[in-house]
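Have a look at the structure below before the remarks.
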Amino acid sequence: VDLDTAKQELEEFIPHVRNISDSSIRKMAGRDLARFKRFKKQGIAVKFGRFSEKENNQIRKNVEEFLSITGIDSAEKLLFTSRYPEHKETISRLKAEHLFCEKLSEGIPRPWRLIYYRARKIFDPNNYKGRYTKEEKEKLKKYHALHGNDWKKISEMMSRSNLSVAMKYSEIKSAINYGPWSKEETQKLMHAVEEVIRKRMDMEDANSLSSSEKNRDLLIEREKLYQKLPWTEIEAKVGTRYWRQCKQKWTTILTNKMTKGQQLYRGTKGLQAKINLIKRLYEMKAEDANEVNWEELSNTIGDVPRAYVQAKFYKLKVSCVPFWQKKTFSEIIDYLFEEKLPELEEKL
DNA sequence: GTAAAAGGTAAGGGTAATGCACTTTT
DNA sequence: CAAAAGTGCATTACCCTTACCTTTTA
């Protein structure tokens with residue numbers, strides 16, 4: 001297959017295809033293009049981002065079915081065949097015979113490889129091990145000193161997934177501060193953010209030579225504050241904090257700036273905000289949390305960053321909805337709308 | 001005045017996506 | 001042999017849940 005044609009055809013399904021490396025495109029051209037076309041005929045669009053609960057369940061179903069067809073006795077053997085060298089040959093043969101790749105990705109409009117990785121996360125016994133204890137962190141540092149970035153090895157030694165240990169190490173490798181931010185740290189963070197936004201604006205101005213209009217330098221527009229920021233770069237500039245801490249701190253700073261310090265989630269205002277939030281969510285009719293347009297929602301509570309609304313929604317869910325962990329997203333929204341909303345309106 | 005409900009801030013596990021390399025199949 | 005399919009792993013940027021307090025409310 002000619003690469004350019006493949007690119008062109010894929011573009012319909014994967015808009016950012018031009019930024020993807022040739023090797024990755026070749027892979028997708030092979031298996032996924034045909035699948036994507038089939039989905040299109042059924043009117044189903046290719047999806048990105050977090051898998052919905054429905055998709056996760058479909059994966060579970062597909063795996064179970066495949067296991068029962070082939071008689072392989074565990075998902076781990078199927079998805080981590082290399083952990084079972086003595087069974088490798090049999091399993092590989094069964095996979096090929098019964099079209100493993102096709103079966104696994106059945107009914108899920110995504111690139112097969114991503115479905116495969118999702119399945120591996122779901123069924124890896126080393127995943128979902130919860131918080132690291134102090135001892136584990138020490139161990140991790142020690143193992144890294146011994147083996148470097150050989151996460152596979154370290155992961156085996158710690159009974160945690162490759163991803164988990166790699167991530168955790170990157171967080172704890174250099175000493176960072178914990179606890180409340182000092183004045184200096186906060187200042188540093190604000191300067192760092194300002195700097196990267198400035199830089200970006202300069203670049204834009206250089207690109208669009210239509211500097212005819214304004215010197216907007218003085219005023220940093222709202223969206224600029226929201227938009228994606230290069231957090232690792234900011235981490236380096238702040239020096240004492242991990243990027244995740246920086247990002248989180250920035251949203252609280254932003255929230256304060258935008259609300260000018262008034263607490264809009266307290267008292268009557270808070271009630272009204274909750275009511276609006278529930279109503280809007282209900283109207284949206286989203287089946288899964290990742291279908292929600294939080295950006296738009298944030299306007300219903302007030303002028304706040306989206307992360308703020310997401311956090312508020314989470315609190316609401318946890319504190320009001322019994323067994324929320326067992327419920328689907330739409331069930332949660334329905335519950336809030338039917339049970340909690342009247343109660344809140346009463347109080348108003 | 002007090003317990004509990006609600007709020008705020010920070011911590012932290014887990015996630016999707018992708019490049020590259022190696023192995024097996026066609 | 002070359003190309004394609006199948007697999008594994010490191011790396012990056014980010015989402016969502018939870019822990020732990022302080023403040024407010026009933």
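Lettering follows sequence order; numbering is per chain, from 1.
- Following rounding to the nearest Å, Gln325(A) (CD) and dT18(C) (C1') show an atom-to-atom distance of 10 Å.
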Tabulate protein N/O versus nucleotide N/O from nucleotides 2-4 of chain B, keeping only pairs under 3.5 Å, one per line.
none

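- Residues meeting the ring pair (Phe, Tyr, Trp, His ring centres under 6.0 Å) test with Phe80(A), sequence neighbours left out: none.
- For the pair Arg35(A) and Trp112(A), the cation-pi criterion (under 6.0 Å, within 45° of the ring axis) is not fulfilled.
- His144(A) and Asp150(A) are not linked by any side-chain donor-acceptor pair at a separation below 3.5 angstrom, with hydrogens and angles left out of the test.
- Side chain Gln245(A) to base dA11(B): no donor-acceptor pair is found below 3.5 Å.
- Between the P atom of dC9(C) and the CG atom of Asn162(A) lies a distance of 6 Å, rounded to the nearest Å.
- In this structure, Pro230(A) reaches neither bases nor backbone, as no heavy-atom distance under 4.0 Å exists between it and the strands shown.
- Residues passing the side-chain hydrogen bond (donor to acceptor under 3.5 Å, both in side chains) test with Thr252(A), sequence neighbours excluded: none.
- Contacts between residues 333-343 of chain A and DNA chain B, defined by a heavy-atom separation below 4.0 Å, involve no residue at all.
- For Lys312(A), whose side chain is taken as the heavy atoms from C-beta onward, the closest listed nucleotide among dG7(B), dG8(C), dT7(C) is dG7(B).
- Pairs of Watson-Crick or G-U wobble type, with distances under 3.5 Å, assemble into runs of 3 or more in DNA chain B at these ranges: B:2-26 with C:2-26.
- Remark: Lys188(A) pairs with no residue by the side-chain hydrogen bond (donor to acceptor under 3.5 Å, both in side chains) rule, at least two apart or across chains.
- Remark: Trp231(A), Thr232(A) in residues 231-239 of chain A come within less than 4.0 Å of DNA chain C through at least one heavy atom.
- Note: His16(A) and Phe48(A) have perpendicular aromatic rings, judged against thresholds of 30 and 60 degrees for the angle between ring planes.
- Between Glu296(A) and Arg280(A) there is a salt bridge, since at least one side-chain N of the basic residue sits less than 4.0 Å from a carboxylate O of the acidic one.
- Applying the side-chain hydrogen bond (donor to acceptor under 3.5 Å, both in side chains) criterion to Asp334(A), with sequence neighbours excluded, gives no partner residue.
- Judged by closest nucleotide on DNA chain B, Trp181(A) is the one of Trp243(A) and Trp181(A) placed further toward the 5' end.
- Out of dC15(C), dA11(B), dT9(B), the shortest distance to the side chain of Thr252(A) is found at dT9(B).
- Rounding to whole angstrom units, CG of residue Leu229(A) and P of dC14(C) are separated by 8 Å.
- Comment: Glu9(A) engages Lys37(A) in a salt bridge, judged by a side-chain N to carboxylate O separation of less than 4.0 angstrom.
- Between Asn149(A) and Arg131(A), the residue anchored closer to the 5' end of DNA chain C is Asn149(A), taking for each the nucleotide with the nearest heavy atom.
- Comparing dC9(C), dT9(B), dG14(B) against the side chain of Lys152(A) picks out dC9(C) as the nearest.
- Spacing between atom CG of Asp32(A) and atom P of dA16(B) amounts to 16 Å, rounded to whole angstrom units.
- Take Phe66(A) and apply the ring pair (Phe, Tyr, Trp, His ring centres under 6.0 Å) test, not counting sequence neighbours, and it matches Phe100(A).
- Note on Trp294(A): nothing from the nucleic acid sits closer than 4.0 angstrom, heavy atoms only.
- Between Tyr335(A) and Trp324(A), the ring centre distance reaches or exceeds 6.0 Å.
- In this structure, Lys168(A) reaches the sugar-phosphate backbone alone: every heavy-atom distance under 4.0 Å involves primed, P, OP1 or OP2 atoms, never a base.
- Rounding to the nearest 0.5 Å places OG1 of Thr133(A) at 9.5 Å from CD of Glu138(A).
- Proximity note for Arg244(A) (side chain, C-beta onward) versus dG13(B), dG7(B), dC16(C): the nearest is dG13(B).
- Within the model, atoms CD of Glu136(A) and CG of Leu140(A) stand 8.5 Å from one another, a figure rounded to the nearest 0.5 Å.
- Using a 4.0 Å cut-off between charged nitrogen and carboxylate oxygen, Lys249(A) and Glu185(A) do not count as a salt-bridge pair.
- The hydrophobic cluster containing Ile44(A), built from Ile/Leu/Val/Met/Phe/Trp/Tyr side-chain heavy atoms closer than 4.5 Å, also comprises Phe39(A).
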Exercise for the section: Take nucleotides 17-26 of chain B nucleotide by nucleotide from the 5' end and write B, S or -, depending on whether a protein heavy atom sits under 4.0 Å from the base, only from the sugar-phosphate, or from neither. Expected result: BBBB---S--

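- Nucleotide dA10(C) holds its P atom 12 Å from the NZ atom of Lys153(A), rounded to whole Å.
- The pair Glu233(A)-Lys237(A) meets the salt-bridge criterion, since a charged nitrogen lies less than 4.0 angstrom from a carboxylate oxygen.
- In this model, no side-chain donor or acceptor of Lys137(A) finds a partner on the base of dG12(B) within 3.5 Å.
- Under the rule for a ring pair (Phe, Tyr, Trp, His ring centres under 6.0 Å), Tyr132(A) has no partner lying at least two apart in sequence or in another chain.
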